[in-house]
Amino acid sequence: MHTQVRRFLHAALAFLTIGLGMGWWLLVRREWRGQYPAPLETSAHVHLLLVGFVMLMIMGVALWMFPRPAKDDRWYKPVLTTAAWWLVVPGTLLRGVTEWGAPPVHGPATRWAILAGATAQVVGLVLFFATMISRIRSVGSRQREANGERF
């Protein structure tokens, strides 16, 4: 398994651990203290799990399992998948930490930090899948379909 794939998968597992811990703490607060999570806490929890765990896991597995780039592929560039990692991971951390710690009424610095984290997430995800699109191709599927094989 390539180092870059492991980087995505390790980050996904780290976010899973953080997200599960946060969810457990939110549940403890609700059940034992009667404190329901604030909307930003819920948003942080969801983003840590859905973007941090699920999307990074999907990205890592896609990078690992999709067919290798064609020799004449000018679109796929590994440096762009690395850049995507460096956008999604810190962006998700920034968003999660800022939303988790934000007071109910927060100022412009908090809003900008949340927006910066969300923007990094979006740009990183779009960049990753834009560079991976050329790897979604039929490798031998036409021959298998011609032979009558079904999926």
Side-chain angles (χ1 to χ4, degrees), residues 1-70 73 75-141 150-151:
M1 188 180 300
H2 193 274
T3 301
Q4 194 174 31
V5 172
R6 286 193 311 273
R7 186 178 300 136
F8 277 96
L9 299 180
H10 283 135
L13 294 174
F15 277 112
L16 175 63
T17 303
I18 295 166
L20 289 175
M22 182 180 191
W24 176 82
W25 178 245
L26 292 174
L27 185 66
V28 166
R29 280 189 11 203
R30 185 187 76 194
E31 296 303 321
W32 291 104
R33 296 182 184 175
Q35 295 176 331
Y36 283 82
L40 284 179
E41 290 175 328
T42 302
S43 178
H45 177 59
V46 167
H47 280 90
L48 288 170
L49 287 174
L50 289 182
V51 177
F53 171 62
V54 174
M55 288 309 301
L56 284 170
M57 183 64 71
I58 289 170
M59 293 162 77
V61 170
L63 196 58
W64 179 25
M65 300 298 288
F66 282 14
R68 290 182 182 192
D73 187 353
W75 190 252
Y76 176 75
K77 293 177 178 51
V79 68
L80 295 180
T81 58
T82 300
W85 189 93
W86 281 104
L87 286 165
V88 173
V89 170
T92 304
L93 279 173
L94 176 62
R95 185 168 182 178
V97 167
T98 305
E99 287 180 338
W100 174 259
V105 177
H106 49 275
T110 301
R111 288 189 195 99
W112 278 109
I114 293 169
L115 184 59
T119 302
Q121 288 176 315
V122 169
V123 171
L125 289 168
V126 169
L127 180 64
F128 180 85
F129 288 105
T131 194
M132 290 294 287
I133 195 76
S134 65
R135 290 180 61 179
I136 303 172
R137 63 184 193 285
S138 58
V139 178
S141 63
R150 298 183 184 171
F151 61 97

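Note that this is a predicted model, so its numbers are computed, not measured. Computed from heavy atoms alone, side chains included, the values below leave out hydrogens, waters and symmetry copies.
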Q: Mind checking the CE-CE spacing from M57 to M55? Nearest 0.5 Å is all I need.
A: 12.0 Å
**Q.** Heavy-atom closest pair, residues G91 and A120
**A.** CA-CB, 3.8 Å
Q. Got a sec, which residues hit ring pair (Phe, Tyr, Trp, His ring centres under 6.0 Å) with F15, two or more places apart in sequence or on another chain?
A. none
Q) With a 4.5 Å heavy-atom cut-off, do W25 and W100 have their side chains touching? A) yes
(Q) Which heavy atom of D73 sits nearest to which heavy atom of S134, and what is that distance? (A) OD2-OG, 2.6 Å
Q. With ring centroids as reference points, do F8 and F128 lie under 6.0 angstrom apart?
A. yes
(Q) Contact between V89 and R7 at the side-chain level, heavy atoms closer than 4.5 Å - yes or no? (A) no
Q: Could you tell me the separation between the OH atom of Y76 and the CD1 atom of I133, rounded to the nearest 0.5 Å?
A: 13.5 Å
(Q) Please check: side-chain N/O of H106 versus main-chain N/O of P103, any donor-acceptor pairing under 3.5 Å? (A) yes
**Q.** Exam field: side chain H47 to backbone G52, donor-acceptor pair closer than 3.5 Å
**A.** no
Q: Could you check if a side-chain atom of L63 sits within less than 4.5 angstrom of a side-chain atom of H2, using non-hydrogen atoms only?
A: no
Q.
On a heavy-atom basis, which atom in A44 and which in G96 lie closest, and how many Å separate them?
A. CB-O, 3.6 Å
Q: Just do the side-chain contact (heavy atoms from CB on, under 4.5 Å) check on F129 and I58 with the steps written out, would you?
A: CA-CA 11 Å; F129 288 105; I58 289 170; 4.2 Å; yes
(Q) Let me confirm one number: the CG-CG distance from L49 to L20, rounded to the nearest 0.5 Å. (A) 6.0 Å
**Q.** Over all atoms of both residues, closest heavy-atom pair of A84 and L127
**A.** N-CD2, 3.9 Å
Q) Shortest non-hydrogen contact from G117 to L94? A) N-CD2, 3.7 Å
Q: Mind jotting down which residue pairs meet the side-chain hydrogen bond (donor to acceptor under 3.5 Å, both in side chains) criterion with at least one end in residues 120-133? Sequence neighbours excluded, please.
A: T92-Q121, R95-Q121
Q. So, the side chain of E41 versus the backbone of A38: is there a donor-acceptor pair under 3.5 Å, distance only?
A. yes
Q. What's the spacing between L87 CG and T119 OG1 if we round to 0.5 Å?
A. 10.5 Å
Q: Work out which heavy atom in V5 is nearest to a heavy atom in G60; give both atom names and the distance.
A: CG1-O, 3.6 Å
Q | Straight-line distance of H10 NE2 to T3 OG1, nearest 0.5 Å | A | 10.5 Å
Q.
Under a 3.5 Å distance rule, please check whether R135 uses its side chain to pair with a backbone N or O of F66 as donor and acceptor.
A. yes
Q: Taking the side chain as every heavy atom from C-beta outward, state whether W85 and M59 have any pair of such atoms under 4.5 Å apart.
A: no
Q) Between T17 and F53, does a side-chain contact (heavy atoms from CB on, under 4.5 Å) hold up when you go through it step by step? A) CA-CA 9 Å; T17 303; F53 171 62; over 6 Å; no
**Q.** Gap separating the CG atom of L48 from the NE2 atom of H45, nearest 0.5 angstrom
**A.** 8.5 Å
(Q) For V54, run the side chain to side chain contact (heavy atoms under 4.5 Å, CB included) check against L56, L50, V51 and tell me which one passes. (A) L50
